[in-house]
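Report on the following structure.
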Amino acid sequence: MDARDIGAEPGSAKAPRGVNRLLAATGRGAVRCRRAVLSLAAVVTLLCALAGYDVAARLVSGGFVPESAPSAQALRAMEDFGGGTPGFVLLARAEGGVDAPGARRAGERLVSRLLADSRVSGVDSYWTGAVRGGRPAPPMVDATPATPATDAANATDASALTRALRTPDGHTAVALVRLRGGAGEVRAAVDRLLPEVTGDQGPLKVGVTGQAAALRDLESQSERDLRTAELIAAPAVLLLLLWAFGSLWAALLPLAVGAVAVTGALAVLRALTEVTDVSVFALNLTTAVGLAMAVDYSLFLVARYREERAGGAPHDDALHRMMITGGRTVVVSAAVVGAALTGLLLFPLYFLRSLAWAGLAVVALAAAASLLLVPAALACLGERRAGTDWFARRRLRGAPEDGRWYRLATGAMRRPLVVTVGVVLILAALALPFPRAVFGLSDERVLPATAPVATTARALRTELPSVAASSLDVVLPHWGADGSPGRLAELDGYARRLSALPGAAGVRTVTGLYASGRPLLSCPARPGDPAMSRATCADLADRHRAAAGTWVAVSGPVAAYGPASTRLAQAVRAVSAPAGPRLAGPAAELADIKAALVQRLPYAAVLVTLCTLALLALFTRSLFLPVKALLMNLLSLTATAGGMVWIFQEGHLRFLTGDFTVTGTTDLLTPMVAVCLAFGLSMDYEVLLLSRIGEAHARTRDTVRATAAGLQAAAPLFTASAGVVIAVLLALAAADITVIKLIGVTVALSLLIDALLIRPLLVPAVMALAGPVNWWLPKGIRRRSAAPAARPLTSVKPTVEPTAEAAAEPTARVGGRR
């Protein structure tokens, strides 16, 4: 890509080269074959819709943990034990008590139905004890002849292993169901099983909660919320598009571009599902980014066409100039947004990689569709309808110097230091809550408080807190299979040390049950320790010893992703173990996700920074302006992150955002979706603003006037685009799912900060302070990239005419800078 093409002055008389030549040829071809282009677009959109019609059914709701992470490896090893964190938990109530003969038979039938499914690796229930998939329940009585002493010991063992699965009043019991397989297989198993094992099961009334059940409800509820948001936002979006484009025909252009981009991206996602897992959140990102980019790119092009027509250019010349100037802005914007999304590909989480592929596909398709469909559609509409703007008089009153954005920029540049310091202090104040962020992962509390999964989870925490407690599963790989006394002694010491850790409620392994650094039941019996029967010892050995090694189960705090659970996971990893331990469980997964993000984040940041700086440097022919753009976005995103923590982690402004459950933590991954959207839209508006400022500076060679004129030309466009996007985002605040609210409110807040503080105030003030530094390039680079002398290609009048006073004064001074 040639710097002379990207940064070339709009009025260059020399024949376009490189990108400009390609844009000019694309525009000519689209105009010449306009009907064929529109027809082909309709056919391609239909084919893409057919190709991607079932993509939603093939997306999965996982991808949060790297496959190579220790917790993922431990989770796979846990399948050999039939243990680990339950996929879902069944909470069964019986009016006559869960020990009544009918209730017990119903519970046993429930467990049998679960074990008949190939994806169920094990079930722990009050009625059957622990059962692995495809195997009968182990006996809970000793095989030796029954005596009063052995009966008492067996009863003690049985109650120790199962009493936590029943409430003290005897009316409620639970079954912990563990699943095997990938995210898609687990989702299919949940869809298959839950209708059959919940609701009325004889005398039992069965509810469900747990991670897999919550993810299932999260997906279905998010689909309903998005449909509701679309219905709420549709009238506002249509009105805003009519205002922004000035006519019904023009307002339909971004919808057509968005339809092509979104359906094409869905077909790409459908193809990706054949080779890799794709997150369900990619679908939401595709729709949001597709609409936003379609509105932006269509608006940039249509506005440029109308400016050229207003300046006196004929219809065909205006279309040509639209492609050279507005088209270049579209190409650079798409490249910058794509560079930002490329950074997500470096993370080893297919959740983030799915978002990257979805975003890259929809941005590229939105840019291509706008560059083909907009000139073809405007050519079909003809001079009269293409140039129709019902609200032109209200938008264009007087000279550009009389515009409110021009005056606002000029006012900011009169006192640039005061404005810069003031805006930075406001942004810093907004960012103050961000250091208080406590990152975790989402659970069923992101669902509406009245959702069955959420109500069952609350009942479980209240009635059976020991079952609701989080768990850490420690796998000692390929260790202890021989069961030698020396190995058992090592394991006993390790279990004692784990049970003494702060936050550890209990430990269970081959050698018994432990709490507070001592055994509750010992196996085999040691002098002074409470003994466990041979049958229960055999059961523990059978459950906790396999070809994969030895399993140690550690019970932790109730909040699986809370700070206490995180500290416990760190402490467990720090304890000396007989073999290199691998941890599975929510807290271990959170630690591994954080480690993966921290490890790859510097590389992603460097990649995005270098690509963005290079593209903006070529576009602006400046070294300062790209750095300024990145710093502005960093300030905006930091302030937005602070607002996100203050609202969603600390629970403020719920009367505006709609009620949600305050968990005291911030989801670790969902904000990355919001940050990607916010960064992409902000850079989109930055490219537009720099384009207009650069054009004005090429005419006036005066930074102050160029900045004010550029803002006056660009602000109506990016504020109109932001208005459309904010209308859609604020409709998401009506969603019942907290993560959907978070995305909508956070990105809307970012756009408000951008439109109210960054672009109209901070950008002009910083450019006034920088003065000539804005346009500095080393002499050698400037000679190679210098554009030809500006000379009008047509009789088009400049967008911003110098006033008489400005013409008389060669250099306007504001704030003492040029």
Side-chain angles (χ1 to χ4, degrees), residues 62-89 121-122 124 130 164 176-180 183 186 209-215 349 439-444 457 460-461 465-477 494-495 497-499 501-509 514 543-544 546 548-575 577 579-596 663 665 667-669:
F64 307 125
V65 183
E67 293 183 0
S68 60
S71 60
Q73 297 174 5
L75 184 62
R76 289 191 289 270
M78 287 304 300
E79 293 183 0
D80 289 346
F81 301 102
T85 303
F88 58 88
V89 179
S121 62
D124 288 7
L176 314 179
V177 184
R178 295 177 172 86
L179 304 170
R180 63 164 66 93
V186 167
T209 188
Q211 185 180 36
L215 286 174
L349 286 69
F439 290 106
L441 295 176
S442 296
D443 54 24
E444 79 286 337
L460 186 65
R461 291 191 181 102
S466 61
V467 176
S470 62
S471 63
L472 280 171
D473 298 303
V474 183
V475 177
L476 304 176
Y494 181 56
R497 293 193 295 273
L498 292 180
S499 67
L501 293 174
V507 172
R508 187 184 74 237
T509 187
Y514 300 79
R543 292 195 65 197
H544 287 267
T550 302
W551 166 35
V552 182
V554 182
S555 297
V558 173
Y561 299 113
S565 295
T566 302
R567 288 193 295 270
L568 177 60
Q570 294 170 345
V572 168
R573 281 178 167 160
V575 171
R582 292 177 179 169
L583 270 65
E589 292 175 356
L590 176 60
D592 288 343
I593 294 171
K594 287 181 178 179
T663 63
T665 61
D667 187 84
L668 181 61
L669 296 174

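Sequential numbering from 1 along the given sequence is applied to the chain's residues.
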Problem - Full working for side-chain contact (heavy atoms from CB on, under 4.5 Å) between Leu349 and Leu669 - result: CA-CA 10 Å; Leu349 286 69; Leu669 296 174; 4.1 Å; yes
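- Among all heavy-atom pairs drawn from Gly556 and Ala469, the shortest one is O-CB, 3.2 Å.
- Within the structure, the salt bridge (Lys or Arg N to Asp or Glu O under 4.0 Å) test picks out no pair touching residues 553-566 (sequence neighbours left out).
- The minimum heavy-atom distance linking Leu472 with Ala569 is given by the pair CD1-CA, 3.7 Å.
- A donor-acceptor pair is defined here as one N or O able to donate and one able to accept, closer than 3.5 Å; no such pair exists between the side chain of Gln211 and the backbone of Pro86.
- Within the 3.5 Å criterion, the main-chain N or O of Gly585 finds no donor-acceptor partner in the side chain of Thr85.
- Here the OG1 atom belonging to Thr665 is positioned 10.0 Å from the CZ atom belonging to Phe439, to the nearest 0.5 angstrom.
- Minimum heavy-atom separation, Ala72 to Val65: CB-CG1, 4.3 Å.
- Across all non-hydrogen atoms, the minimal contact from Ala577 to Leu476 is CB-CD2, 4.3 Å.
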Problem - Intermediate values then yes/no, side-chain contact (heavy atoms from CB on, under 4.5 Å), Leu498 and Tyr514 - result: CA-CA 9 Å; Leu498 292 180; Tyr514 300 79; over 6 Å; no
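- Put simply, the side chain of Leu441 does not reach to within 4.5 Å of the side chain of Pro586, judged on heavy atoms.
- At distances below 3.5 Å, at least one donor-acceptor pair connects side-chain atoms of Ser565 with backbone N or O atoms of Ala559.
- No side-chain donor-acceptor contact under 3.5 Å links Ser71 to the backbone of Leu583.
- Under the 3.5 Å distance criterion, the side-chain polar atoms of Asp667 are matched with a main-chain donor or acceptor of Ser442.
- Atom CZ in Arg543 sits 4.5 Å away from atom CG in Asp124 (nearest 0.5 Å).
- Taking CG of Leu75 as the start and CD of Glu589 as the end, the distance is 6.5 Å to the nearest 0.5 Å.
- Nearest heavy-atom pair across Ser470 and Ala560 is CB-CA, 3.5 Å.
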Practice task
Tell me, with the steps shown, if Met78 and Arg178 meet side-chain contact (heavy atoms from CB on, under 4.5 Å).
Solution key: CA-CA 10 Å; Met78 287 304 300; Arg178 295 177 172 86; over 6 Å; no
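- Classification of Arg573 and Asp592 as a salt-bridged pair holds, one side-chain N sitting under 4.0 Å from a carboxylate O.
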Exercise for the section: Walk me through it: do Tyr494 and Val474 pass the test side-chain contact (heavy atoms from CB on, under 4.5 Å)? Expected result: CA-CA 11 Å; Tyr494 181 56; Val474 183; 3.5 Å; yes
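- Residue Arg582 holds its CZ atom at 8.5 Å from CZ of Arg76, rounded to the nearest 0.5 Å.
- For His544 (side chain) and Trp551 (main-chain N/O), a donor-acceptor pair under 3.5 Å exists by modelled atom type.
- Of all the heavy atoms in Val475 and Ala74, the pair that sits closest is CG2-O, 4.1 Å.
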